[in-house]
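Contents: one structure, followed by commentary.
The figures that follow rest on heavy atoms only: side chains count, while hydrogens, waters and symmetry mates do not.
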Amino acid sequence: MAAISTERLLPQLKQPLQALYVLHGEEALLRIETLDAIRAAAKEQGYLNRETHTPDTAADWQDLLASANSIGLFAELKLLEIHLPGGKPGKAGGEALEQLAANLPPDTVTVILLPKLERAQTQAKWFAALSRSGTVAEAKAVDAQALPGWIRDRLAQHHLSIGNEALALFAERVEGNLLAAKQEIDKLALLHPAGHELGIAETEAAVADVARFDVFQLAAAWMSGEPARVVRLLEGLEADGEEPVMLLWMLADDIRTLIRLTAALKQGQTVAQVRNSLRLWGSKQQLAPLAVRRIATPRLIAALQECARIDRIIKGAETGEAWPAIRQLLVSLAG
């Protein structure tokens, strides 16, 4: 069964629950909220016995299978939760999950909670077995483009509205930290009555600057041509103690990808045809073609040469400051 978003799963929980749900994805808040929603729906539908396992050893997995297949004296409806915080069940765990998927316990709703999975994990036999037997829901990250709409919708659930300028400020301050965004929204719901429209001044006063920056957001910012956001993200990364060597490695890798994509497009290939070979996954599938239309190949080659110079600065083989050089390069690529 194809994966759906956690957002699409929530309305389905009003119907009789299925025997198996697999929750995974990058956004921890959405995973937690979806698990809470399944728990609430299970309680409402009579699954009052909740059992939680966090298996680690082979013996743990055998205990889990024995418990899953046991039938209580009164055959109570059961909610069985399996938490795998590392996302890698190992050989024994993989085999146990395949057995579980093939023989789902009766009178039981099973929920398997996983973190963000790598490509190799989603192609593993155990994950394929779970996907065939149940509903897989992915908690995808809410990116910078979708964040304002997400905030507006969450405020509306509390019967609050927000002006466009205030919304832009709100999104800027909580970017990359969805849990903090939810906490700020809950706080605003306590501070203001239903029907209130939030303005710029009160939003600025109420919403803390809790943005969490990462290098993946930075790649999206320069590829989509947002120099102001590039500067803000770089300042956040530097303040958080991010090592410039890792950032530079990812930047150079992305530039090489754009050069290869440009060559492939000139040869008549499509983005879909080179998606896997160039690892254009997630948002890069949309952003990379936009970037190559905006940035000419000679400019990309010059940027790659600049990356080599900055690498020498980091290693002490050339004089200069790494962070200002990276900032100048990325702003020029985003401009």
Side-chain angles (χ1 to χ4, degrees), residues 1-45 47-56 60-61 64-65 67-68 77-90 93-105 107-143 146 150 153-154 157 176-183 281-282:
M1 185 179 296
I4 62 174
S5 67
T6 51
E7 185 179 36
R8 283 185 57 198
L9 175 62
L10 294 178
Q12 298 181 16
L13 301 179
K14 297 176 182 178
Q15 306 299 322
L17 292 175
Q18 298 184 28
L20 174 64
Y21 295 95
V22 181
L23 308 180
H24 74 98
E26 182 175 352
E27 188 46 67
L29 171 66
L30 300 183
R31 293 200 312 268
I32 293 168
E33 288 185 337
T34 305
L35 177 60
D36 286 343
I38 292 175
R39 286 172 175 170
K43 185 176 181 180
E44 187 174 328
Q45 295 182 31
Y47 294 84
L48 303 179
N49 181 18
R50 180 157 67 94
E51 190 176 300
T52 303
H53 294 263
T54 308
D56 184 23
D60 292 338
W61 284 106
L64 187 154
L65 288 177
S67 176
L77 299 179
K78 180 168 67 176
L79 175 64
L80 174 64
E81 295 182 13
I82 303 172
H83 294 250
L84 300 175
K88 298 179 180 179
E95 292 174 353
L97 289 173
E98 289 177 53
Q99 291 181 44
L100 183 69
N103 299 282
L104 290 171
D107 301 320
T108 302
V109 171
T110 301
V111 183
I112 300 175
L113 193 69
L114 297 151
K116 178 184 178 181
L117 299 179
E118 302 300 330
R119 185 178 179 85
Q121 292 162 282
T122 60
Q123 293 182 334
K125 289 174 63 178
W126 60 267
F127 190 84
L130 294 173
S131 299
R132 288 192 298 268
S133 298
T135 296
V136 178
E138 182 179 0
K140 295 182 179 180
V142 179
D143 62 23
W150 187 90
D153 289 344
R154 288 289 176 122
Q157 291 174 17
N177 196 339
L178 210 62
L179 177 58
K182 178 185 182 299
Q183 292 171 339
W281 302 321

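When all heavy atoms of Gly94 and Pro89 are compared, the closest pair comes out as N-CB, 3.8 Å. Contact record, Ala96 with Leu65: O-CD2, 3.7 Å, taken as the closest heavy-atom pair. In terms of heavy atoms, Thr122 sits closest to Phe127 at O-CD2, 3.3 Å. Here the closest heavy-atom approach between residue Leu84 and residue Pro55 is recorded as CD2-CG, 4.0 Å. Smallest separation of non-hydrogen atoms from His83 and Leu113: ND1-CD2, 3.6 Å. Closest of all the heavy-atom pairs between Leu10 and Ala37 is CD2-CB, 3.6 Å.
None of Ile112, Val136, Leu35, Leu30 except one satisfies the side-chain contact (heavy atoms from CB on, under 4.5 Å) rule with Leu23; the exception is Leu35.
For the atom pair CG (Leu130) and CG (Leu104), the distance works out to 8.5 Å, reported to the nearest 0.5 Å. Rounding to the nearest 0.5 angstrom, the gap separating the CD atom in Gln18 from the OG atom in Ser133 is 11.0 Å. Within the model, atoms CD of Glu138 and CD of Glu7 stand 13.0 Å from one another, a figure rounded to the nearest 0.5 Å. Here the CD1 atom belonging to Ile82 is positioned 12.0 Å from the CG atom belonging to Asp60, to the nearest 0.5 angstrom. In this structure, Ile4 CD1 and Leu9 CG are separated by 4.5 Å, a value rounded to the nearest 0.5 Å. We find the CG-CG distance between Leu77 and Asn49 to be 9.5 Å, quoted to the nearest 0.5 Å.
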Between Glu81 and Arg39, does a side chain to side chain contact (heavy atoms under 4.5 Å, CB included) hold up when you go through it step by step?
-> CA-CA 10 Å; Glu81 295 182 13; Arg39 286 172 175 170; 2.7 Å; yes
Evaluate the side chain to side chain contact (heavy atoms under 4.5 Å, CB included) criterion for residues Trp150 and Leu178: first the C-alpha distance (whole Å), next the side-chain angles of each, then the deciding distance (0.1 Å), finally the verdict.
-> CA-CA 10 Å; Trp150 187 90; Leu178 210 62; 3.8 Å; yes
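Listed by chain and residue number, nothing satisfies the salt bridge (charged side-chain N to carboxylate O under 4.0 Å, His left out) test with Lys14 (two or more places apart in sequence, or in another chain).
The pair Lys182-Glu27 does not meet the salt-bridge criterion, since no charged nitrogen lies less than 4.0 angstrom from a carboxylate oxygen.
Under a cut-off of 6.0 angstrom, the local environment of CD in Gln121 is crowded, with over 12 non-hydrogen atoms contributed by other residues, nucleotides or ligands. Environment of CD in Glu44: sparse, with no more than 12 heavy atoms of neighbouring residues, nucleotides or ligands closer than 6.0 Å.
In this structure, Lys125 and Leu97 have side chains that are not in contact, with every pair of non-hydrogen atoms separated by 4.5 Å or more.
The backbone N or O of Pro115 sits nowhere less than 3.5 Å from a side-chain atom of Arg31 that would complete a donor-acceptor pair.
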